[in-house]
Amino acid sequence: MIGPIPKDIPDLPAVPGVQTVLPSAVPATAVVIPVHRPKVGTYRLLVALTAAAAVALDLRLGSPTRVLGYFTIQVNVLLVLVFVLSAWRARTAQRPLPALVTGGTVFYALIAGLVYHVLLVNEPGPFSLIGQPGTHPIWQALTSQILHSLIPLAALFDWLALTSPAPLSVRQARKWLLYPIAYLAFSLIRGERLPPGAPDRYLYPFLDAGRLGYRSVLANALLLGLAFFTVALLMVAVDHLRPDPTRRRSKTGFRL
């Protein structure tokens with residue numbers, strides 16, 4: 001004869017040696033499921049090849065040591081590497097690169113384009129480069145437009161329309177500023193090691209310590225740093241507000 005089943009079953013004692021599973025600190029929305037995206041991979045590869053071709057042409061037209069000293073060239077070399085790797089991961093359904101890397105690449109491309117259009121080719125202006133002679137003005141103008149206009153817009157489109165929100169954080173935005181600070185130190189050290197009067201001693205007129213003095217150069221760097229950080233914070237805010245462009249809509253079974 002079977003006895004009555006008790007209404008309340010007491011809790012079983014914990015099994016010794018078995019650890020309890022702690023809740024994950026990573027929210028479920030931050031987990032990105034790898035998806036095979038060949039079209040996205042093709043787009044990123046085309047952007048990388050375009051930037052690589054423009055950099056190669058610039059190296060062909062000028063001195064490689066001078067060309068590689070430009071912030072824009074260094075940023076586009078980074079963009080080529082990141083976009084090629086991102087294209088490969090998108091085509092092979094692997095996890096995307098960390099948001100610190102992809103967001104930082106877009107950030108550097110944006111500030112390079114903004115500095116070029118706001119300070120360097122904005123006439124009249126104290127730092128305008130319009131009217132300066134060039135060895136190959138037509139080809140140099142073409143590569144400048146590609147590296148300062150086309151590539152930043154293409155990178156921004158990829159981030160907004162083809163990349164899932166991370167979301168980004170203010171801590172990551174602060175880390176992005178380390179590279180511009182390092183480039184400032186590189187530019188000043190490079191200028192000090194070159195003799196006075198050397199051509200292209202300072203590659204950017206707002207960092208020309210020989211003409212402006214270190215106090216003005218550091219003031220310019222501080223203003224640019226604040227502007228850069230504003231752009232970074234804007235990217236963080238947009239990343240928190242924008243929808244996920246990679247999320248597929250669920251099918252309801254009804255068709256209009």
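Model, not experiment: these values are computed from the prediction.
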Subject >> same_hphob_cluster(Ile111, Leu223) at 4.5 Å side-chain heavy-atom cutoff >> reply: no
Original post:
So do the side chains of Arg242 and Pro165 get within less than 4.5 Å of each other, counting heavy atoms only?
Top reply: yes
Subject >> Gap between atom CZ of Phe186 and atom CG of Leu207 - 0.5 Å precision >> reply: 11.0 Å
Subject >> side chain to side chain contact (heavy atoms under 4.5 Å, CB included) between Trp176 and Leu100, worked out >> reply: CA-CA 8 Å; Trp176 292 344; Leu100 178 66; 3.5 Å; yes
Original post:
Do you know which two heavy atoms are closest between Ala166 and Ala99, and how far apart they sit?
Top reply: CB-CB, 3.3 Å
Subject >> Polar side-chain atom of Trp159 near backbone of Ser164 as donor-acceptor pair, under 3.5 Å >> reply: no
Subject >> Separation between OG1 of Thr143 and CD1 of Ile138, rounded to the nearest 0.5 Å >> reply: 12.0 Å
**OP:** Taking all non-hydrogen atoms of both residues into account, name the closest pair between Ala87 and Gly41 and its distance.
**Re:** CB-O, 3.2 Å
**OP:** Let me see the working for Ser149 and His117 under side chain to side chain contact (heavy atoms under 4.5 Å, CB included), right down to the final yes or no.
**Re:** CA-CA 9 Å; Ser149 302; His117 288 286; 2.8 Å; yes
Original post:
Looking only at heavy atoms, which two atoms of Val47 and Ala154 are closest? And how far apart?
Top reply: CG2-CB, 3.9 Å
Original post:
Taking side chain as C-beta onward, heavy atoms only, is Thr163 less than 4.5 Å from Asp158?
Top reply: yes
Original post:
Does Arg44 count as lying over the ring of Trp88, i.e. NZ or CZ under 6.0 Å from the six-ring centre, within 45 degrees of the axis?
Top reply: no
Subject >> Donor-acceptor under 3.5 Å (Arg37 side chain, Ala90 main chain) >> reply: no
Subject >> Tyr108 reachable from Val118 in the ILVMFWY side-chain graph, under 4.5 Å edges >> reply: yes
Original post:
Linking I/L/V/M/F/W/Y whenever their side-chain heavy atoms sit closer than 4.5 Å, directly or via other members, would Leu45 and Leu147 fall into one cluster?
Top reply: no
Subject >> From CG (Asp58) to CH2 (Trp139), nearest 0.5 Å >> reply: 12.0 Å
Subject >> Student check: side-chain heavy atoms of Leu85 and Val101 closer than 4.5 Å >> reply: no
Give the table of side-chain donor-acceptor pairs shorter than 3.5 Å for residues 67-82, with sequence neighbours excluded, one pair per line with atom names and distance.
unit_1	atom_1	unit_2	atom_2	d
Tyr70	OH	Arg66	NH1	3.3
Thr72	OG1	His148	NE2	3.0
Gln74	OE1	Tyr179	OH	2.6
Gln74	NE2	Leu68	O	3.0
Asn76	ND2	Thr72	O	2.8

Original post:
Should Leu150 and Gln145 be marked as a side chain to side chain contact (heavy atoms under 4.5 Å, CB included) after you check the CA-CA gap, both sets of side-chain angles, and the distance that decides it?
Top reply: CA-CA 7 Å; Leu150 179 61; Gln145 289 302 319; over 6 Å; no
Original post:
Would you say the side-chain atoms of Arg91 and Thr42 include a donor-acceptor pair closer than 3.5 Å?
Top reply: yes
Original post:
Heavy atoms, side chains only, cut-off 4.5 Å: are Val217 and Tyr202 in contact?
Top reply: no
Original post:
Has the side chain of Asp200 got a donor or acceptor atom that lies under 3.5 Å from a matching backbone atom of Leu203?
Top reply: no
Original post:
Val170 and Phe228: same hydrophobic cluster, using ILVMFWY side-chain contacts below 4.5 Å?
Top reply: yes
Original post:
Do Leu114 and Leu233 belong to the same hydrophobic cluster, where Ile, Leu, Val, Met, Phe, Trp and Tyr are linked whenever their side-chain heavy atoms lie under 4.5 Å apart, directly or via other members?
Top reply: yes
**OP:** Identify the residue among Leu156, Leu177, Val236 that makes a side-chain contact (heavy atoms from CB on, under 4.5 Å) with Phe107.
**Re:** Leu177
Original post:
Which heavy atom of Ala209 sits nearest a heavy atom of Leu188, and at what distance?
Top reply: CB-CD2, 4.3 Å
Original post:
Are the side chain of His240 and the backbone of Leu168 linked by a donor-acceptor contact shorter than 3.5 Å?
Top reply: yes
**OP:** I would like to know whether Gln172 and Met235 meet side chain to side chain contact (heavy atoms under 4.5 Å, CB included); could you show each step before the answer?
**Re:** CA-CA 11 Å; Gln172 291 172 325; Met235 286 184 59; over 6 Å; no
Subject >> Pairwise distance OG(Ser216) to CG(Asp208) - rounded to 0.5 angstrom >> reply: 10.5 Å
Subject >> Side chain Asn220, main chain Phe206, donor-acceptor under 3.5 Å >> reply: yes
**OP:** Rounded to the nearest 0.5 Å, what's the gap from OH on Tyr116 to CG on Leu120? Could you check?
**Re:** 8.0 Å
Original post:
Does some side-chain heavy atom of Phe229 sit less than 4.5 Å from a side-chain heavy atom of Arg174?
Top reply: yes
Original post:
Tell me, do Leu224 and Leu119 make a side-chain contact under 4.5 Å, heavy atoms counted?
Top reply: yes
Original post:
Counting only N and O atoms by type, is there a donor-acceptor contact under 3.5 Å from the side chain of Ser187 to the main-chain atoms of Leu184?
Top reply: no
